Amino acid sequence: MAERLHLEQFLPYLLSVTSNRVSGRIAGAYEALFGLTVPEWRLVTLIAEYAPVTQAQLGERSRMDKVTVSRAAIALTERGLLTRTPNATDRRSHHLRLSPEGEALYAQVAPQAVALERRIFGRFDADELAQFTDMLRRIDAAAEEED
């Protein structure tokens with residue numbers, strides 16, 4: 001007889017459901033407050049941290065697919081939140097930076113993100129959060145080895 005799978009006890013399922021719930025909370029907050037989708041706010045944050053950066057680099061860092069990154073970058077550029085400059089080392093790509101308007105938006109988004117993180121994870125102490133973060137990184141590495 002085959003081993004039974006109990007979905008509510010299956011760790012990949014629990015991880016996915018929890019991740020979706022947290023991302024949904026974030027998405028709802030950022031959509032309501034700033035008119036940003038999850039991919040858009042991820043790009044804003046990554047660009048603030050790593051600019052200048054190409055779309056390919058954003059895809060690698062965010063683990064979002066090329067189409068999602070491209071659509072988010074186009075939407076942010078159309079809103080005047082990003083600037084694009086030619087990449088001298090690769091003519092097929094551009095360097096992305098936050099515009100002054102993008103910087104102002106980031107200055108509003110970042111504190112909201114930190115506050116939301118504190119509300120969700122505030123019931124855990126520093127050691128628990130450090131262990132959880134370490135475990136997530138190890139799970140990610142193990143899953144990447146499976147690719």
Side-chain angles (χ1 to χ4, degrees), residues 7-8 10-147:
L7 199 55
E8 275 111 28
F10 186 57
L11 288 176
Y13 171 77
L14 290 172
L15 187 61
S16 176
V17 167
T18 303
S19 174
N20 289 343
R21 185 174 310 230
V22 172
S23 289
R25 292 288 307 270
I26 290 168
Y30 291 164
E31 179 68 36
L33 294 170
F34 308 110
L36 294 173
T37 65
V38 170
E40 290 168 1
W41 81 258
R42 284 182 185 168
L43 289 194
V44 167
T45 302
L46 287 169
I47 293 167
E49 191 171 352
Y50 296 106
V53 64
T54 65
Q55 284 186 195
Q57 291 167 330
L58 288 169
E60 289 172 23
R61 288 203 178 274
S62 68
R63 301 220 176 127
M64 293 186 293
D65 63 77
K66 289 179 190 179
V67 172
T68 301
V69 170
S70 178
R71 286 182 181 154
I74 289 167
L76 292 169
T77 302
E78 288 175 351
R79 285 182 60 185
L81 301 172
L82 296 185
T83 62
R84 295 168 37 111
T85 56
N87 182 349
T89 60
D90 181 356
R91 294 184 186 264
R92 297 169 296 162
S93 70
H94 291 81
H95 283 126
L96 302 174
R97 289 182 173 81
L98 295 179
S99 67
E101 295 83 2
E103 291 283 352
L105 178 72
Y106 175 75
Q108 293 178 317
V109 169
Q112 294 290 331
V114 171
L116 182 57
E117 179 187 42
R118 283 189 185 130
R119 285 195 306 274
I120 293 171
F121 295 101
R123 61 197 72 200
F124 303 101
D125 66 36
D127 288 339
E128 289 174 315
L129 291 173
Q131 286 178 333
F132 182 61
T133 301
D134 179 61
M135 289 171 55
L136 286 173
R137 289 190 175 122
R138 289 171 35 208
I139 291 166
D140 185 56
E144 188 173 19
E145 288 175 10
E146 292 293 317
D147 286 346

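Just so you know, these numbers come straight off a predicted model, no measurement behind them.
Nearest approach of Asp125 to Asp127, heavy atoms of both residues: OD1-N, 3.0 Å. Closest heavy-atom contact between Gln55 and Ala73: OE1-CB, 3.5 Å. Closest non-hydrogen pair, Val38 versus Ser23, comes out as CG2-O, 4.0 Å. Of all heavy-atom pairs spanning Leu76 and Glu40, the tightest one is CD1-O, 3.7 Å. Minimum interatomic distance between Arg79 and Leu36 (heavy atoms only, all atoms of both residues): NH1-CD2, 3.4 Å. Here the closest non-hydrogen pair linking Ile47 and Leu98 is CG2-N, 3.6 Å.
The closest side-chain heavy-atom distance from Leu96 to Arg84 is below 4.5 Å. The closest side-chain heavy-atom distance from Leu46 to Ser62 is below 4.5 Å.
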May I have the step-by-step check of side-chain contact (heavy atoms from CB on, under 4.5 Å) for His95 and Thr54, ending in yes or no?
CA-CA 5 Å; His95 283 126; Thr54 65; 3.9 Å; yes
Test side-chain contact (heavy atoms from CB on, under 4.5 Å) on Arg61 and Val53; report intermediate values, then the result.
CA-CA 10 Å; Arg61 288 203 178 274; Val53 64; 5.5 Å; no
Starting from the C-alpha separation in whole Å, work towards a yes-or-no answer on side-chain contact (heavy atoms from CB on, under 4.5 Å) for Trp41 and Ile26.
CA-CA 10 Å; Trp41 81 258; Ile26 290 168; 3.2 Å; yes
Output side-chain donor-acceptor pairs under 3.5 Å for residues 101-124, partner residues at least two apart or in another chain, one line each.
{"from": "Glu101", "atom 1": "OE1", "to": "Ser99", "atom 2": "OG", "distance (Å)": "3.1"}

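The environment of Arg71 atom CZ is sparse: at most 12 non-hydrogen atoms of other residues, nucleotides or ligands sit within 6.0 angstrom.
Once rounded to the nearest 0.5 Å, the distance linking CD of Glu145 with CG of Asp140 reads 10.5 Å. Distance check: Met64 CE to Ser70 OG gives 11.0 Å after rounding to the nearest 0.5 Å. The CG atom of Leu136 sits 10.5 Å away from atom CG of Leu129, with the distance rounded to the nearest 0.5 Å. Atom CZ of Arg97 sits about 11.5 Å away from atom CG of Leu82, to the nearest 0.5 Å.
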